[in-house]
Visitor: 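Sharing a structure, written as structure tokens. Questions coming.
All values below come from the heavy atoms of this structure, side chains included, with hydrogens, waters and symmetry mates left out. Atoms within a ligand are numbered from 1 in the order they appear, just like the ligands themselves. Computed from a predicted structure; not experimentally measured.
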Amino acid sequence: MDAIDLNVISDDRGSLITIEKYLNIPFAIRRIYYIFGTKEDVSRGYHAHRDLQQLIICVAGSCRMTLDDGVKPVNHILDRPNKAVLVRNLVWREMHDFSEDCVLMVVASEVYDERDYIRDHSEFLRLIRNAQHS
Ligand code: T46
């Protein structure tokens, strides 16, 4: 998983950021969704994906993402619209500390498929171990 600084195109009117296949993301976009209105003290996520890449950006407000590839969990504070994290397959994600005005935008490589989710943490660890030994 990588933290990415997105290029900001600014002029005297303000700023613009573009997300474009192969310009700054390594996949074709098949889905976009955003999370907002998250209640105080609520956390989300608690799963990994089998076959999904996502670029995750906090376009307003802030939150903390914990990303764990099975080796070491890393915290990312997402608090500006030009900071993104690229999350690949088999990464356990949790989102915490949402500000009231947080809008978390996700650009995804695949359409929604509940079968792609790994919601059981021990199953996630088992798949990671298998991937390391294959
Ligand atoms: C992720 C993090 C960052 C859909 O119907 N279509 C969709 O494309 C998505 C993403 C969700 N849903 C439904 C499934 C659930 O009934 O929306 C409901 C909430 O989804 P979920 O509990 O999975 O939301 P989060 O915030 O825990 O996780 C989401 C994404 O699901 C996940 O892929 O990486 O945001």
Visitor: Is the closest N or O pair between V106 and ligand 1 shorter than 3.5 Å?
Guide: no
Visitor: May I ask you to identify the nearest protein heavy atom to atom 23 (O) of ligand 1, giving residue, atom name and distance to one decimal place in Å?
Guide: R119 NH2, 3.3 Å
Visitor: What atoms in ligand 1 come closer than 4.0 Å to a heavy atom of I35?
Guide: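 Going through ligand 1 atom by atom, the ones under 4.0 Å from I35 are 26 (O), 35 (O).
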Visitor: Going only through I, L, V, M, F, W and Y residues with side-chain contacts under 4.5 Å, is there a path from L86 to I57?
Guide: yes
Visitor: Find out whether N24 and I19 are in side-chain contact, i.e. whether some heavy atom of one side chain is under 4.5 Å from a heavy atom of the other.
Guide: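 Yes. Closest side-chain heavy atoms under 4.5 Å.
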Visitor: Just to be sure I read this right, does ligand 1 sit under 4.0 Å from the backbone of E94, its side chain, both, or neither, counting only heavy atoms?
Guide: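 Near ligand 1, E94 shows nothing, with every heavy atom at 4.0 Å or more.
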Visitor: Between I4 and L55, is any pair of side-chain heavy atoms under 4.5 Å apart?
Guide: yes
Visitor: Going by the closest heavy atom to atom 28 (O) of ligand 1, which one wins out of M65, R31, H47, H49?
Guide: H47
Visitor: Under the side chain to side chain contact (heavy atoms under 4.5 Å, CB included) test against V59, which residue among V103, N82, L78 passes?
Guide: V103
Visitor: Suppose we measure from atom 27 (O) of ligand 1 to each protein heavy atom; which comes out shortest, and what is that distance?
Guide: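 Its nearest protein heavy-atom neighbour is G45 N, 2.9 Å.
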Visitor: Looking at atom 12 (N) of ligand 1, would you say a protein heavy atom lies below 4.0 Å from it?
Guide: yes
Visitor: As a test of understanding, state which of W92, Y117, Y112 forms a ring pair (Phe, Tyr, Trp, His ring centres under 6.0 Å) with H49.
Guide: Y117
Visitor: Can you pull out the closest protein heavy atom to atom 26 (O) of ligand 1? Residue, atom name and distance to 0.1 Å, please.
Guide: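 Residue, atom and distance for the closest contact: R44 NE, 2.7 Å.
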Visitor: Nearest to atom 29 (C) of ligand 1, what protein heavy atom do you find, and at what distance?
Guide: Y33 OH, 3.8 Å
Visitor: With a cut-off of 4.0 Å, which atoms of ligand 1 are near a heavy atom of Y117?
Guide: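 Every atom of ligand 1 under 4.0 Å from some heavy atom of Y117: 10 (C), 23 (O), 30 (C), 31 (O), 32 (C), 33 (O).
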Visitor: Could you tell me, atom by atom, which parts of ligand 1 come under 4.0 Å of a heavy atom of R93?
Guide: 1 (C), 34 (O)
Visitor: Can you name the atoms of ligand 1, numbered from 1 with element, that are less than 4.0 Å from a heavy atom of M95?
Guide: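 This gives 2 (C), 3 (C), 26 (O), 35 (O) as the contact atoms.
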Visitor: Within ligand 1, which atoms have a heavy atom of Q54 less than 4.0 Å away?
Guide: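 Under 4.0 Å from Q54, ligand 1 has these atoms: 1 (C), 33 (O), 34 (O).
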Visitor: I want to know if ligand 1 touches Y112 in the polar sense, i.e. an N/O pair below 3.5 angstrom.
Guide: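 No, since none of the N or O atoms of Y112 sits under 3.5 Å from an N or O of ligand 1.
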Visitor: Donor-acceptor pairs under 3.5 angstrom involving side-chain atoms of residues 34-46: please list them, not counting sequence neighbours.
Guide:
unit_1, atom_1, unit_2, atom_2, d
S43, OG, H96, ND1, 2.7

Visitor: Taking side chain as C-beta onward, heavy atoms only, is D97 less than 4.5 Å from C63?
Guide: no
Visitor: Is atom 16 (O) of ligand 1 less than 4.0 angstrom from at least one protein heavy atom?
Guide: no
Visitor: Is Y46 close enough to touch ligand 1? Criterion: a residue heavy atom under 4.0 Å from a ligand atom.
Guide: no
Visitor: Heavy-atom contacts under 4.0 Å between E114 and ligand 1: side chain, backbone, both, or neither?
Guide: neither
Visitor: Under 4.5 Å between side-chain heavy atoms, counting indirect links through other Ile/Leu/Val/Met/Phe/Trp/Tyr residues: same cluster for V91 and Y33 or not?
Guide: yes
Visitor: Output yes when a side-chain donor or acceptor of R93 lies under 3.5 Å from a complementary backbone atom of L67, and no otherwise.
Guide: no
Visitor: Show, in sequence, the C-alpha distance, side-chain angles and deciding distance for K21 and I29, and conclude whether the side chain to side chain contact (heavy atoms under 4.5 Å, CB included) test is met.
Guide: CA-CA 7 Å; K21 178 184 171 186; I29 298 165; 5.7 Å; no
Visitor: So that I can tick it off, tell me whether R115 and D51 are bridged by a salt bridge, with the cut-off set at under 4.0 angstrom between side-chain N and carboxylate O.
Guide: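 No salt bridge links D51 with R115.
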